[in-house]
Amino acid sequence: MSCRSDIDLATLHQHRLEERWNYGLTWCGAHGRNQQQQQLTHYNELIARQSANHHQHRHQHQHQQLANSNSSSRTVSRLKDTVAKDHQNRPLQGLEYYSSDYLTATARRRRSGTWPRTRSLNAPSPFQQFGPCGRIMKNSAMVMQIQDPASQRLTWYKPPLTVLVIKKKDSQVLLPFVQLVEWLVQEKNMVVWVESAVLEDKLLRDDVRLEEESAKFRLVHEYYTGVRTRFLALREKLVTFKDGRDDLTDRIDFIVCLGGDGTLLYASQLFQQSVPPVMAFYLGSLGFLTPFQCDNFQEQVTNVLEGHAALTLRSRLRCSIHRKGERRRESLQQSSNLIKPVSQRQSHCDELGNPKASNNNCSPSSAQAASGYSSILVLNEVVINRGPSPYLSNIDIFLDGKYITSVQGDGLIVSTPTGSTAYAAAAGASMIHPSVPAILVTPICPHSLSFRPIVVPAGVELKISISPDSRNTSRVSFDGRNDQELNHGDFLRVTTSIYPVPSICAQDQISDWFDSLAEGLHWNVRKRQKCLDELSDLTASGSEDTLDEIENLKIHDA
């Protein structure tokens with residue numbers, strides 16, 4: 001039986017003290033810098049005291065390894081007693097730092113209000129001064145405060161009343177959908193919104209002419225008779241909308257998705273500005289973005305409605321296509337507008353939909369409306385490819401107005417960290433946690449072997465255009481939808497949107513993501529290498545025989 005030496009035990013104990021110190025310092029960060037300085041001094045004293053005890057103990061009992069281990073344990077025990085006495089003399093608010101059970105089973109509960117603080121991926125508040133003289137220049141456009149992902153938790157400043165339920169087009173989702181809607185209406189007294197296409201589902205209607213349908217459909221229609229009866233009793237209480245016609249902005253408090261990852265992408269597409277919290281249930285094929293199970297949806301939804309949930313803020317990309325002819329018309333309108341008198345310029349801005357403009361020039365939003373282009377927000381990626389053309393794509397990339405490189409290949413993927421596990425991962429990009437503020441630029445089958453995927457900061461603006469000497473045009477699509485042609489002279493602008501998608505976590509930001517990697521993508525799944533203990537006897541005997549042979553050779557030589 002192997003045991004740790006006194007050096008390993010002391011190092012391990014010091015590491016545990018450092019972890020508990022970092023945990024407690026961040027947990028009680030709101031109590032002021034003075035208290036943190038006192039805690040840091042107290043921590044340094046404990047480390048020095050522990051090191052002195054360790055060296056003294058090592059010189060006294062160096063010849064007995066087992067006794068060293070036992071004495072080290074007694075030293076650690078005495079250190080804990082000393083810390084307990086110091087803790088009584090100098091009490092700390094909110095947390096017992098050096099208690100062996102500072103994270104109890106109660107603190108590790110899932111789906112409750114007492115969530116443990118997970119490790120941060122980003123600095124909670126970067127320090128803006130560097131040394132005695134250097135510091136960051138103050139700029140209103142600069143974002144210095146990076147929110148700690150572990151602190152992103154859902155709260156309601158008023159009770160949610162309206163909920164949007166989105167389901168995939170699959171007959172297997174009908175029963176969970178009806179159960180959820182029935183529970184929300186009858187038990188929670190909430191106003192439920194559904195897509196108008198749900199009411200047109202033949203399996204949920206009783207006025208379908210079955211004689212005109214196939215035998216298989218009649219069998220399925222009869223199988224869902226009970227579900228259809230329950231839904232028809234709730235049909236009059238549902239509020240419907242139609243995609244592309246009704247605006248859901250500021251109408252929905254909460255979103256529930258039933259299906260796969262496509263339902264979450266569809267919910268993101270419905271809200272081109274602020275998005276309500278999204279709770280996604282796994283009823284699809286992959287389920288990478290849907291961490292919840294429908295087995296006990298009542299308890300899970302109740303916890304979310306009570307505000308007991310962690311959030312993953314999934315950033316989105318704001319994309320806009322600028323056409324060559326539209327830019328020319330826009331420049332002509334602006335030049336002609338400068339020649340007009342002030343009163344006519346003001347009325348021209350009013351016609352473009354900016355009646356509250358007080359300056360002499362039109363606002364960018366009105367000019368954008370006049371030129372005909374608009375932005376679209378995507379959650380996964382925007383893809384520029386060569387389409388059906390047999391020639392390579394030749395695409396120029398500009399970053400904040402500076403030319404970066406040209407892409408020769410099948411195309412280009414510009415994705416969010418959420419989309420890094422989708423098309424970008426298949427093209428060879430790294431998988432990035434959704435809480436990391438970044439934009440991924442990934443070439444699709446590049447003609448250059450040295451063209452590797454890159455990650456750029458989230459605040460930059462990418463300009464993508466067709467090279468003048470390109471043999472063909474390109475196609476551009478947004479989350480697999482709205483496929484358009486990108487001609488010569490047109491360009492695409494891509495940057496990070498200020499409107500993320502607040503995705504509700506089943507556990508926390510870290511556990512959900514790695515569980516999805518393991519279960520959805522089988523990340524790092526392989527057969528384990530056998531342990532060496534199974535061959536230890538054979539290896540040991542072979543080494544001993546070899547040593548005996550060497551000794552015998554030395555004796556014979558002598």
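FYI, the numbering just counts along the sequence from 1. The basis for the numbers below is simple: all heavy atoms, side chains too, and nothing from hydrogens, waters or symmetry mates.
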### Message
Tell me if a side-chain donor or acceptor on Ser415 pairs with a main-chain N or O of Glu381 at a distance below 3.5 Å.
### Response
no
### Message
When you compare the side chain of Ser430 with that of Val455, does any pair of heavy atoms fall below 4.5 Å?
### Response
no
### Closest heavy-atom pair and its distance - Ala309, Arg153
N-NH2, 3.3 Å
### Message
Please check this pair: side chain of Asp247 against backbone of Thr249, looking for a donor-acceptor N/O pair closer than 3.5 Å.
### Response
yes
### Query
Does CZ in Arg493 sit with more than 12 non-hydrogen atoms of other residues, nucleotides or ligands closer than 6.0 Å?
yes
### Query
Roughly how far apart are Ile395 CD1 and Ser406 OG, rounded to 0.5 Å?
9.5 Å
### Query
Should Val191 and Leu161 count as side-chain neighbours, where that means a heavy-atom distance under 4.5 Å?
no
### Task
Please report the C-alpha distance between Leu184 and Val165 in whole Å, then the side-chain angles of each, then the deciding distance to 0.1 Å, and finally whether the side-chain contact (heavy atoms from CB on, under 4.5 Å) criterion is met.
CA-CA 10 Å; Leu184 291 173; Val165 180; 4.1 Å; yes
### Task
Might you point out which heavy atoms bring Phe177 and Leu258 nearest each other, and give the distance in Å?
CA-CD1, 3.6 Å
### Query
Within the distance-only criterion (no hydrogens, no angle test), does the side chain of Asp410 pair as donor or acceptor with the backbone N or O of Ile444 below 3.5 angstrom?
no
### Asp243/Glu195 under side-chain contact (heavy atoms from CB on, under 4.5 Å): CA gap, chis, key distance, verdict
CA-CA 8 Å; Asp243 184 15; Glu195 193 176 6; 4.2 Å; yes
### Query
Side chain of Asp512, backbone of Ala506: donor and acceptor closer than 3.5 Å?
yes
### Task
Would you please test Trp193 and Arg251 for side-chain contact (heavy atoms from CB on, under 4.5 Å) and show each step?
CA-CA 10 Å; Trp193 288 61; Arg251 293 187 178 183; 3.9 Å; yes
### Task
Please name the pair of heavy atoms, one in Cys319 and one in Phe478, separated by the smallest distance, quoted to 0.1 Å.
CB-CE2, 3.6 Å
### Query
In this structure, are over 12 heavy atoms from other groups packed under 6.0 Å from Asp250 atom CG?
no
### Message
For Gln172, I'd like to know if atom CD has over 12 heavy atoms of other residues, nucleotides or ligands within 6.0 Å.
### Response
no
### Query
CD1/Ile504 to OG1/Thr312 distance, rounded to the nearest 0.5 angstrom?
10.0 Å
### Query
Distance-only, no hydrogens or angles: does the Asp400 side chain make a donor-acceptor pair with backbone N or O of Glu461 under 3.5 Å?
yes
### Task
Please indicate whether Tyr423 has more than 12 foreign heavy atoms, meaning atoms of other residues, nucleotides or ligands, lying under 6.0 Å from its OH.
no
### Query
Once you round to the nearest 0.5 Å, how far does NZ of Lys188 lie from CZ of Phe254?
11.0 Å
### Task
Mind checking the CG-CD1 spacing from Asn380 to Ile413? Nearest 0.5 Å is all I need.
10.5 Å
### Query
NZ of Lys167 to CG of Asp170: how many Å apart, nearest 0.5 Å?
8.0 Å
### Query
What distance separates Ile498 CD1 from Gln273 CD, expressed to the nearest 0.5 Å?
8.5 Å
#### Entry: Working for side-chain contact (heavy atoms from CB on, under 4.5 Å), residues Asp253 and Met190
CA-CA 10 Å; Asp253 301 330; Met190 301 185 70; over 6 Å; no
### Query
Tell me, do Leu289 and Ser503 make a side-chain contact under 4.5 Å, heavy atoms counted?
no
### Task
Return the orientation label for the Phe297 and Trp183 ring planes: parallel under 30°, perpendicular over 60°, tilted otherwise.
perpendicular
#### Entry: Shortest non-hydrogen contact between Pro276 and Ser274, atoms and distance
CD-O, 4.0 Å
### Query
Of the options Val256, Asp295, Val173, Thr290, which is the one that meets Phe281 in a side chain to side chain contact (heavy atoms under 4.5 Å, CB included)?
Val256
### Side-chain heavy atoms of Pro437 within contact of Ser315, under 4.5 Å
no
### Query
For the side chain of Gln509 and the backbone of Leu311, is there at least one donor-acceptor N/O pair under 3.5 Å apart?
yes
### Task
Keeping the roles fixed (side chain from Gln152, backbone from Pro502), state whether a donor-acceptor pair exists under 3.5 Å.
no
#### Entry: Minimum-distance pair of heavy atoms, taken over all atoms of Ile166 and Ala267
CD1-CB, 3.7 Å
### Query
Do you know the tightest heavy-atom contact between Phe271 and Ile255?
CE1-CD1, 3.5 Å
### Task
Determine whether Val278 and Cys257 make a side-chain contact, defined as any pair of heavy atoms from C-beta on separated by less than 4.5 Å.
yes
### Summary
Which of Leu180, Val239, Leu238, Leu164 passes side chain to side chain contact (heavy atoms under 4.5 Å, CB included) with Val192? It is Leu238
### Task
Measure from the side-chain N and O atoms of Arg316 to the backbone N and O of Ser268, and report whether any donor-acceptor pair falls under 3.5 Å.
yes
#### Entry: Note, Gln484 side chain near Ile321 side chain (heavy atom, < 4.5 Å)
yes
### Message
Using only atom types and a distance under 3.5 Å, with no angle test, would you say the side chain of Trp156 pairs donor to acceptor with the backbone of Val304?
### Response
yes
### Message
Would you say that Glu187 contacts Gln298 through its side chain, given a criterion of any heavy-atom pair below 4.5 Å between the two side chains?
### Response
no
### Task
Please confirm whether the backbone N or O of Leu377 pairs with a side-chain atom of Gln272, one donor and one acceptor, at under 3.5 Å?
yes
### Task
With side chain to side chain donor-acceptor pair (under 3.5 Å) as the test, would you mind laying out the steps for Glu519 and Tyr282 before giving the verdict?
CA-CA 12 Å; Glu519 298 176 5; Tyr282 170 64; over 6 Å; no
### Task
Find out whether Phe514 and Leu517 are in side-chain contact, i.e. whether some heavy atom of one side chain is under 4.5 Å from a heavy atom of the other.
yes
